[in-house]
Amino acid sequence: MQTNHRFFNMGNNSNVEKVSCLIIGSGPAGYTAAIYAARANMHPVLYQGIQPGGQLTITTEVENYPGYPDGIQGPEMMVHFEKQAARMGADIRYGIATKVDFGVRPFRVEIDEEKWMEADSVIISTGASAKWLGLESEQRLNGYGVSACAVCDGFFFRGKEAAIVGAGDTAAEEALYLSKICSTVHMIVRRDSMRASMIMQDRVKNTTNIKIYWNSETEEVLGDKKVSGVRIKNTQTGESSEIPVEAFFVAIGHQPNSGIFKGWIDMDDAGYIQTVPGTSKTNIEGVFAAGDVQDKNYRQAVTAAGSGCMAALDAERYLTAKGLH
Ligand SMILES: Cc1cc2nc3c(=O)[nH]c(=O)nc-3n(C[C@H](O)[C@H](O)[C@H](O)COP(=O)(O)OP(=O)(O)OC[C@H]3O[C@@H](n4cnc5c(N)ncnc54)[C@H](O)[C@@H]3O)c2cc1C
């Protein structure tokens, strides 16, 4: 375990509030943890962070979350999550966790750089953010053919042509996934080689409906109201060309929102929190992690919700074992 020997001046003690279970983040993982924790009488307090509702609030239709046979808009679904957690008694607040001190018990979490929470247990569900190329057209058409999740949105483009940008394992995996749904997958790779493992590269290269564009950069995603193509530039020849596609997938990686936990919680090189396999337990007893912040493999709403459930149950068992609940 890494240790962090910072000690924080908590200032005026009247600005400290003690809770049994503190949940950080309001995506599917955080709200599900809140539902379970509230129903277990743990009186959870949940801080929503800068994006109340999490990543699904920036998407349009969600078709793969069980229980919605006709699909549902992402923002609406997250309102349902919030309402359900609130109805069970979770205390849901707007606020950002800005600092933590996991070297003391109860744990301390600073909110909005102005007040401190003390918590017997903490559930980290701060999610991850997709990395984007940074093009204006990519942002404008996000949700209208531009996506960072092939598993989420590939189905909307079945039988159509799609482009994907990226060269790592995730990009290779997503290209292969799309190749089973789309007629042709145009894979845009910045260099003359891929970063993906050899086995993934071989699979991509041997898939007949994946066409790779080496040494190519995306100049613009084309389309007015929805994606109609992509303009790429060959960095060797300087030539630009357009590929007509209806979808543009960005697979250049994700950034887990775990910065404030560095030095306390074990993470991998990319910043994903490491949990004990099959549980939500972190290296610090009493601190649990759920959802995309600890999952670089699946990154789905339903898996995030499932792990939020696990975190609440793990926290409840921990509090009971310690005689704190
Ligand atoms: C465009 C898009 C479309 C998608 N479509 C689908 C789909 O159709 N189906 C599907 O299953 N999945 C989809 N996903 C993936 C899905 O959104 C994620 O897997 C899921 O939201 C992860 O849930 P989470 O609870 O782990 O975190 P997130 O949803 O990422 O939520 C993280 C939460 O943590 C909060 N937070 C972060 N830092 C702090 C802090 N310091 N203090 C307090 N709070 C903090 C944020 O405000 C946010 O509320 C999509 C993702 C994107 C980006």
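In this chain, residues are counted from 1 in sequence order. Order of listing sets the numbers, starting from 1, for every ligand and every atom in it.
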Asker: Tell me which protein heavy atom sits closest to atom 23 (O) of ligand 1, plus the residue, atom name and distance to 0.1 Å.
Answerer: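 Checked against all protein heavy atoms, atom 23 (O) of ligand 1 sits closest to P28 CD, 3.2 Å.
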Asker: Output the list of atoms in ligand 1 that are nearer than 4.0 Å to some heavy atom of A128, sorted by atom number.
Answerer: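 So the atoms of ligand 1 that pass are 30 (O).
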Asker: Taking only heavy atoms of G25 into account, list the atoms of ligand 1 that are under 4.0 Å away from them.
Answerer: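 Near G25, meaning under 4.0 Å from one of its heavy atoms, ligand 1 has 33 (C), 34 (O), 35 (C), 44 (N).
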Asker: May I ask you to check if ligand 1 and I96 share an N or O to N or O distance below 3.5 Å?
Answerer: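 Checking ligand 1 against I96, no N or O pair falls under 3.5 Å apart.
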Asker: Indicate whether the side chain of H80 and that of Y31 have a donor and an acceptor atom separated by less than 3.5 Å.
Answerer: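 The criterion, which ignores hydrogens and geometry beyond distance, is not satisfied for Y31 and H80.
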Asker: Measure the distance from atom 27 (O) of ligand 1 to every protein heavy atom, then report the residue, atom name and distance (to 0.1 Å) of the closest one.
Answerer: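 The closest heavy atom on the protein side is G127 CA, 3.3 Å.
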Asker: Can an N or O of V293 be found at a distance shorter than 3.5 Å from an N or O of ligand 1?
Answerer: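 By distance alone, the answer is no.
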Asker: Kindly say whether I273 contributes a backbone atom to a donor-acceptor pair with the side chain of Q294 at under 3.5 angstrom?
Answerer: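 Pair absent, no side-chain N/O of Q294 close to backbone of I273.
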Asker: Under 3.5 Å between some N or O of ligand 1 and some N or O of D292?
Answerer: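 D292 vs ligand 1: N/O contact under 3.5 Å present.
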Asker: I need the contact type for A130 against ligand 1. Using non-hydrogen atoms and a strict under-4.0 Å cut-off, is it side chain, backbone, both or neither?
Answerer: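 No part of A130 comes within reach of ligand 1.
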Asker: Would a line drawn from the ring center of F155 to the ring center of Y177 be shorter than 6.0 Å?
Answerer: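 Between Y177 and F155, which both carry aromatic rings, the centre distance is not below 6.0 Å.
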Asker: If you have a sec, work out which protein heavy atom is nearest atom 40 (C) of ligand 1 and how many Å separate them, to one decimal?
Answerer: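 It is A97 N, 3.8 Å.
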Asker: Applying a heavy-atom cut-off of 4.0 Å, say which part of Q48 lies close to ligand 1: side chain, backbone, both or neither.
Answerer: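 Contact part for Q48 vs ligand 1: backbone (N, CA, C, O).
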Asker: Go through ligand 1 atom by atom and flag the ones less than 4.0 Å from a non-hydrogen atom of L56.
Answerer: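 Checking each atom against L56, I get 4 (C), 5 (N), 6 (C), 13 (C), 14 (N), 17 (O), 50 (C).
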Asker: Atom 12 (N) of ligand 1: which protein heavy atom is closest, and how many Å away?
Answerer: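 Of the protein heavy atoms, A301 N, 3.4 Å lies nearest.
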Asker: If hydrogens are left out, which of V100, I72, V302, T126 has an atom nearest to atom 38 (N) of ligand 1, that is, the closest non-hydrogen atom?
Answerer: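 Checking each option, the heavy atom nearest atom 38 (N) of ligand 1 is found in T126.
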Asker: Counting only N and O atoms by type, is there a donor-acceptor contact under 3.5 Å from the side chain of N209 to the main-chain atoms of S183?
Answerer: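 Yes.
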Asker: What I'd like to find out is whether the side chain of I23 reaches to under 4.5 Å of the side chain of Y47, using heavy atoms alone.
Answerer: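 Sidechains of Y47 and I23: no contact.
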Asker: Quick one, T235 with E217, criterion side chain to side chain donor-acceptor pair (under 3.5 Å). Give me CA distance, side-chain angles, the key distance, then yes/no.
Answerer: CA-CA 7 Å; T235 53; E217 274 178 4; 5.8 Å; no
Asker: Of the protein's non-hydrogen atoms, which lies at the shortest distance from atom 2 (C) of ligand 1, and what is that distance?
Answerer: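 Result: T59 CB, 3.9 Å.
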Asker: State whether the side chain of N234 and the backbone N or O of Q236 hold a donor-acceptor pair below 3.5 Å, judged by distance alone.
Answerer: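 Answer holds: yes.
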Asker: Is T282 reaching over with its side chain to a backbone N or O of V287, donor-acceptor style, under 3.5 angstrom?
Answerer: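 Yes; at least one donor-acceptor contact below 3.5 Å.
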Asker: Which atoms of ligand 1 have any heavy atom of G291 under 4.0 Å away?
Answerer: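 Per the distance check, 26 (O).
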Asker: Looking only at protein heavy atoms, which one is nearest to atom 4 (C) of ligand 1, and what is the separation?
Answerer: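 Here the nearest protein heavy atom works out to C152 SG, 3.7 Å.
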Asker: Is the backbone of C149 close enough, under 3.5 Å, to the side chain of E174 for a donor and an acceptor to pair up by distance?
Answerer: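 No; judged by distance alone, with no hydrogens or angles, the pair does not exist.
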Asker: Are any side-chain N or O atoms of H325 and backbone N or O atoms of A315, one a donor and one an acceptor, separated by less than 3.5 Å?
Answerer: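 No, because the side chain of H325 does not come within donor-acceptor range (under 3.5 Å) of the backbone of A315.
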Asker: Are any of the N/O atoms in Q51 less than 3.5 Å from those in ligand 1?
Answerer: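 Yes, Q51 has an N/O under 3.5 Å of an N/O on ligand 1.
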Asker: Below 3.5 Å, N or O to N or O, backbone or side chain included: is there any such pair between S26 and ligand 1?
Answerer: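 Between S26 and ligand 1 (N or O atoms, distance only) the closest approach is under 3.5 Å.
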Asker: Any N/O of Q55 closer than 3.5 Å to an N/O of ligand 1?
Answerer: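 Indeed, backbone or side chain, Q55 has an N or O that close.
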Asker: Would you kindly specify which portion of A304 sits under 4.0 Å from ligand 1, judged on non-hydrogen atoms: side chain, backbone, both or neither?
Answerer: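 For A304, the contact with ligand 1 is made by the side chain alone.
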Asker: Only heavy atoms of R299, strictly under 4.0 Å: list the atoms of ligand 1 that pass.
Answerer: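 Atoms satisfying the 4.0 Å criterion: 15 (C), 19 (O).
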Asker: To the nearest 0.1 Å, how far is atom 10 (C) of ligand 1 from its closest protein heavy atom, and which atom is that?
Answerer: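 Residue, atom and distance for the closest contact: Q300 OE1, 3.3 Å.
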Asker: Does T275 reach the main-chain N or O of S280 with its side chain, forming a donor-acceptor pair under 3.5 Å?
Answerer: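 Between the backbone of S280 and the side chain of T275 there is no qualifying donor-acceptor contact (under 3.5 Å).
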Asker: Are S125 and ligand 1 in contact, using a heavy-atom cut-off of under 4.0 Å?
Answerer: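 It does; at least one heavy atom falls under 4.0 Å.
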Asker: Is the contact between N64 and ligand 1 made by the side chain, the backbone, both, or neither, using heavy atoms and a 4.0 Å cut-off?
Answerer: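 Side chain only.
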Asker: Please answer whether the main-chain N or O of G145 pairs with a side-chain N or O of E246 as donor and acceptor at a distance below 3.5 Å.
Answerer: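 Answer holds: no.
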Asker: Any atoms of ligand 1 less than 4.0 Å from a non-hydrogen atom of A29? List them with their elements.
Answerer: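 Within the 4.0 Å cut-off of A29, ligand 1 contributes 25 (O), 26 (O).
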Asker: Could you go through M187 and Y213, starting from their C-alpha distance and side-chain angles, then the distance that decides it, and tell me whether this counts as side chain to side chain contact (heavy atoms under 4.5 Å, CB included)?
Answerer: CA-CA 6 Å; M187 188 167 190; Y213 298 72; 5.7 Å; no
Asker: Would a distance-only check, ignoring hydrogens and angles, find a side-chain to backbone donor-acceptor pair under 3.5 Å from E138 to L135?
Answerer: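 Pair found, side chain donor or acceptor close to backbone of L135.
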Asker: Nearest protein heavy-atom contact for atom 31 (O) of ligand 1: which residue, which atom, what distance?
Answerer: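 Heavy-atom neighbour on the protein nearest atom 31 (O) of ligand 1: G54 CA, 3.4 Å.
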Asker: Check the pair E285 / K281 against salt bridge (Lys or Arg N to Asp or Glu O under 4.0 Å), numbers first and verdict last.
Answerer: CA-CA 7 Å; E285 204 190 11; K281 295 175 187 172; over 6 Å; no
